[in-house]
Number of protein chains: 2
Amino acid sequence: MSPTIKDVARKAGVAQSTVSLVINEGKHISQATRQKVLKAIRELNYHPRRSARVLATRKTGNIGFILADKYFYQAEPFYTRIFLGTEFEARKHNYYVLLTTVHEEFNPKKSIPRYLMEKNVDGVILTGKVSDALILYIKNSGIPVVLIDYFPKEGKFPSVLIDNLQGAYEAVVHLIRLGHRRIGFIGGTIDHPSISDRFKGYGQALEEFGLPKNSSLVAKDLPDSSAEDGYRAARKLLKLSTPPTALFATNDSMAMGSIRAAREAQLKVPDDLAVVGFDDIEVATHTHPPLTTMRVPKEEMGTLAVRKIVELIDSGDKFNEKTLIATELIVRGSCGATKV
Amino acid sequence: MSPTIKDVARKAGVAQSTVSLVINEGKHISQATRQKVLKAIRELNYHPRRSARVLATRKTGNIGFILADKYFYQAEPFYTRIFLGTEFEARKHNYYVLLTTVHEEFNPKKSIPRYLMEKNVDGVILTGKVSDALILYIKNSGIPVVLIDYFPKEGKFPSVLIDNLQGAYEAVVHLIRLGHRRIGFIGGTIDHPSISDRFKGYGQALEEFGLPKNSSLVAKDLPDSSAEDGYRAARKLLKLSTPPTALFATNDSMAMGSIRAAREAQLKVPDDLAVVGFDDIEVATHTHPPLTTMRVPKEEMGTLAVRKIVELIDSGDKFNEKTLIATELIVRGSCGATKV
DNA sequence: GAAAAATATCGAACCGCTTCGAATAATTAA
DNA sequence: TTAATTATTCGAAGCGGTTCGATATTTTTC
C-alpha cells in the first residue's frame, strides 16, 4: 500500500490536519513544521489520493468533454486537435479531461454521459453540434458549461467560437481581389450556425464589392460536408453554362472534393478554377495543388475553453460571454495568388 | 444537493447498508425490500457518487491511456481511432478512459502521468512507441499494463499488436503476383519493432518468390514516417538507373508522398509505378489514384486492449499474452490490380 | 504587565459509499 | 420441540483526505 496522510503525519510527528495544511498551502504554518512535513512527504514519496480529496472537497478535478460522435469518426482530426488543446491546458490547472462521444439526437437514456450522473465532473465542454436538448439538460443541472464551435439558436451560453463570418468574408474577398467575379459557394447544412455565418460572410463580401448574388452558384445544405459532397456539388456547378471561376468551400474536405471534380472536368486548379477552403486540416497541404484555406486555431480553442470553464468553476460566476477566435488566411497553391 | 444513499435509505425505511446491497446486487436481499429500495432510488433519481465509491472500494473505474504526443499531432487519426475504440469499450465495462500524452524521452519528473501518482487509475494502456523506461516504471508500480502497437525489445507484457510481418508479407506478395520484380521499400525508423517486422515481411516475400534483395531499393529509417519523408525517399528511388516498378511503404502517409514523387517524375500510378501502403487511413481514399493499402483495424485494437486490461484488473492475473491482429489488404487504384 | 489579537497546531467530525460482524427472523434438521 | 442453519437486515467502522472550532503559544497594544 502506498503511504497515506497518516503515515506522513506520524513520520513528521504532527497531526494529520497539519499535513493537510502544508499540502494545501494553508496559512499559519511555521517554516519549521512545513519543512518537517515536506521532508516526510519526500521520504515517503507521498501523493495525496485524488479520490479521497474529491470526496472531502466535493470537487472532482474532472472536466467532461462531449463531442458528437460523427465528428470524431470523420477523417480530419479537427476536433481531436481541439481536444488535445483542452487536455494540455487542463493539465496545467490540474484537471483531467474525460472525453465522451454522444449521438446527435438526444436520448435521455443514452445521451447523458455517466460522469454527469455520477457527479464526476466539475464542468463540461461541449464541442461541435450536439443536440440542444443535451446542452440545456446540462446547463439546467447547474454545472458550468462551455460550448466550442457551436451555438444554439436559443439561449445564452459561455462559448468559444470561430469568427466564421469574418473568416468567410476574408476568404471571399481574397478571391475577389484576385479578379474573380463568379464565385461559387459550397457549404454544409445551413442550419448549423457556423455554416450559416460563413454563408453570410460570403454574401457580405459579394455585396461589398458590388457583385451579383447568383443562387445558381450556391450549393448549400450538403448533408455530410464530406469530400464526396464537395465533389458532387462542384461537379454540378462546373456544368453550368457559365460556370464559376472560383469556389469557396466551407471546409477543406469539400474543397478537396471540388478539386477532384475540377480535375475530372479537365480544369486546371488554380488557373481554370480557384479554390479556397476552411479549417486548414493537415491533409490540405498534400492536395495538388496545396489548398488555400482559412486556418482555424484548433488547439487554441481548446485552451481558451478550458481557461473559461476553470474560471467558471472557481468563481461560481454565471457569465455567458462568447469568445470569437479570428481565423487566418493561409495562401497556398489552389487560389492562384502564388504563381508557381 | 443531489440525493445520497442516506436519503434513499430513509425514504425506503431501511438501513444504508441495505441500499448498498441492493445497488451492488448483493445476495440475501428479499424481493420486498429490493423493490422498496429500487422505488426510492427511482423516485429520488439517485445515482451513487463515483468518488465515494472509489474511496470505499479502492477501485477507481479509470483506465489510463498514454500516447506519445508526436503521434497525436500527426495528421492521421490513427491513434485517435484506437482511443475511440477504447473509450467505447470502456464505457461498456463502466470505466472511464483518461488520455494523456507524453514525450518520447523519459523524464521522471514530467513523463509520469498524474493519475498514476494520484492512484487514480486501475490500469494503463500504453499506445505506440513510448519510452521503455516509462513502460517499466508503470509495470513495476504494480498496476496492470497493456501495450498497443508497440513492444519493447526486452521484457514481457500483455499487448495488442498488428501482425506486421504477415501484413507486409501479403502486401508485397500482392505486388509480386501483379508481376513486379523490382519492388522498393520505404519505411520509418527500423528500431521500431512494427517497422522492423514490416521490413522482415517484405524480405520474406522476396525470398519466397526468389527475387533478389536489392539494398538500393530500400529506403528505411526515415525519421518521421511523414508524407514528406516518403516523397523524398521515393524521389531518390525513382532516380535510380533501373528504378523500382513498385513501392511498398510502411504507412499511408509515405505512400502518399511516394505518389506525389511519381507524379512529379511524370510517372503514372499505377501504370509506371505501383504503390501499396499500410494502415488504411481515411485520406488514403482521396488520393489520386486511391491507395491500395493494408487495413489495420484500429477501433478493434482499442477494444481488445480494454477487454484485456479489464480482465487483468478483475482477475489480478499477470498474464503476458500478445494478441496479434490480422490486417486486410484493401485493393484500390494505386497498385494496378483493378483496371479502371 | 495584562488584555487583546494573531499565529500555530491539534482533534474530531465529515464527505458518501462499502463491508463485515452482529443481531434478528425464518427454515431446516435432529 | 429445540438446536442448528440459513436468510435478511442493521450498525458501525473504515476508505483518505479536508475543514472548522478549540487550544496553546506568541506577539502586539495600551
Side-chain angles (χ1 to χ4, degrees), chain A residues 1-38 40-41 44-62 94 114-122 314, chain B residues 1-38 40-41 44-62 94 114-122 314:
Chain A
M1 256 342 249
S2 55
T4 73
I5 198 170
K6 263 189 199 149
D7 301 319
V8 177
R10 199 175 311 126
K11 177 143 196 157
V14 300
Q16 211 185 101
S17 47
T18 306
V19 177
S20 178
L21 287 178
V22 170
I23 293 171
N24 297 297
E25 286 154 2
K27 270 281 137 235
H28 305 315
I29 292 286
S30 70
Q31 271 308 310
T33 45
R34 184 191 306 283
Q35 293 312 327
K36 263 195 309 189
V37 171
L38 289 178
I41 287 180
L44 291 172
N45 189 27
Y46 166 74
H47 293 268
R49 233 162 264 205
R50 168 83 73 159
S51 46
R53 262 191 166 160
V54 169
L55 188 55
T57 58
R58 259 149 309 154
K59 287 201 45 193
T60 67
N62 295 330
N94 203 24
R114 290 167 301 157
Y115 47 62
L116 280 176
M117 311 268 60
E118 298 172 341
K119 299 277 172 299
N120 205 15
V121 288
D122 300 328
D314 289 349
Chain B
M1 258 341 249
S2 56
T4 73
I5 198 171
K6 261 188 200 152
D7 302 319
V8 177
R10 198 175 312 125
K11 177 143 196 159
V14 300
Q16 213 186 101
S17 48
T18 306
V19 176
S20 178
L21 287 178
V22 170
I23 293 170
N24 298 297
E25 287 154 5
K27 270 280 138 240
H28 304 315
I29 291 288
S30 70
Q31 270 310 310
T33 45
R34 183 189 306 282
Q35 292 312 329
K36 262 196 307 189
V37 171
L38 289 177
I41 289 180
L44 291 172
N45 190 27
Y46 167 74
H47 293 268
R49 234 162 265 206
R50 169 82 75 157
S51 46
R53 260 189 168 159
V54 169
L55 188 55
T57 58
R58 259 149 310 153
K59 287 200 46 191
T60 67
N62 294 332
N94 202 25
R114 290 167 301 158
Y115 47 61
L116 279 177
M117 311 269 60
E118 297 173 340
K119 299 275 171 305
N120 205 15
V121 288
D122 300 327
D314 290 348

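Note on naming: letters A, B, ... go to the chains in the order of the sequence lines (proteins, then strands), and numbering restarts at 1 for each one.
Checking the phosphate oxygens (OP1, OP2) of C:dT18, a side-chain nitrogen or oxygen of B:R53 falls inside 4.0 Å. Proximity of B:T4 to the phosphate of C:dC15: no side-chain N or O atom is located under 4.0 Å from OP1 or OP2. The side chain of B:R49 places an N or O atom within less than 4.0 Å of a non-bridging phosphate oxygen (OP1 or OP2) of C:dG16.
Summarising the geometry, the separation between CD on B:Q16 and P on C:dC20 is reported as 16 Å, rounded to the nearest angstrom. In this entry the distance linking NE2 of A:H28 with P of D:dA24 reads 18 Å, nearest Å. Atom CD1 of B:I23 is separated from atom C1' of C:dT18 by 10 Å (rounded to the nearest Å). Rounded to whole Å, the distance from CD1 on B:I5 to P on C:dG16 is 11 Å. Distance B:E118 CD to D:dT18 P: 12 Å, rounded to the nearest Å. Protein atom CG of A:N120 is 14 Å distant from nucleotide atom P of C:dG16, rounded to whole Å. As a whole-Å value, the separation of A:K6 NZ from C:dA12 P is 12 Å. In this structure, the CZ atom of A:R50 is 21 Å from the P atom of C:dC15, given to the nearest Å.
With no hydrogens or angles considered, no side-chain donor-acceptor pair links B:R50 and B:T60 at under 3.5 Å. Using modelled atom types, one finds no donor on one side chain facing an acceptor on the other under 3.5 Å when comparing A:S17 with A:S20.
Comparing the axis of the opening five pairs of the helix from C:dG1-D:dC30 to C:dA30-D:dT1 with that of the closing five pairs yields an angle of 40°, rounded to 10°.
Using a distance-only test at 3.5 Å, with no hydrogens or angles considered, no donor-acceptor pair links the side chain of A:N24 to the main chain of A:L21. For the pair B:T18 (side chain) and B:V14 (backbone), a donor-acceptor distance under 3.5 Å is absent.
Among the atoms of the strands shown, only primed sugar atoms or phosphate atoms (P, OP1, OP2) are found under 4.0 Å from some heavy atom of A:V14. Residue A:S30 is classed as a sugar-phosphate contact, given heavy-atom separations below 4.0 Å to backbone atoms only. A:T57 comes within contact range of the sugar-phosphate backbone alone, with a heavy-atom separation under 4.0 Å but no base atom that close. In this structure, B:S51 reaches neither bases nor backbone, as no heavy-atom distance under 4.0 Å exists between it and the strands shown. Within 4.0 Å of B:I29, counting heavy atoms only, lie sugar-phosphate atoms of the nucleic acid but no base atom. Residue contacts for A:S20: at a heavy-atom cut-off of 4.0 Å it reaches a base atom on one of the strands shown.
For the pair B:K119/A:S51, no side-chain contact is recorded, criterion being any heavy-atom separation below 4.5 Å from C-beta on. Between A:V22 and A:L38 the shortest side-chain heavy-atom distance falls below 4.5 Å.
Out of C:dC17, D:dT18, D:dG11, the shortest distance to the side chain of A:A56 is found at D:dT18. Side chain of B:T18, nearest nucleotide from D:dC15, C:dT9, D:dT9: D:dT9. Which of C:dA12, D:dT9, D:dT18 sits closest to the side chain of A:S17 comes down to C:dA12. The listed nucleotides are D:dG17, C:dT9, C:dT18; the one nearest the side chain of B:N24 is C:dT18.
Within 6.0 Å of NZ in B:K59 there are more than 12 heavy atoms belonging to other residues, nucleotides or ligands.
The 5' end of DNA chain D is approached more closely, in terms of each residue's nearest nucleotide, by B:T33 than by the other of B:L55 and B:T33.
We find that B:D122 and B:R58 are not joined by a salt bridge, their nearest charged nitrogen and carboxylate oxygen being 4.0 Å or further apart.
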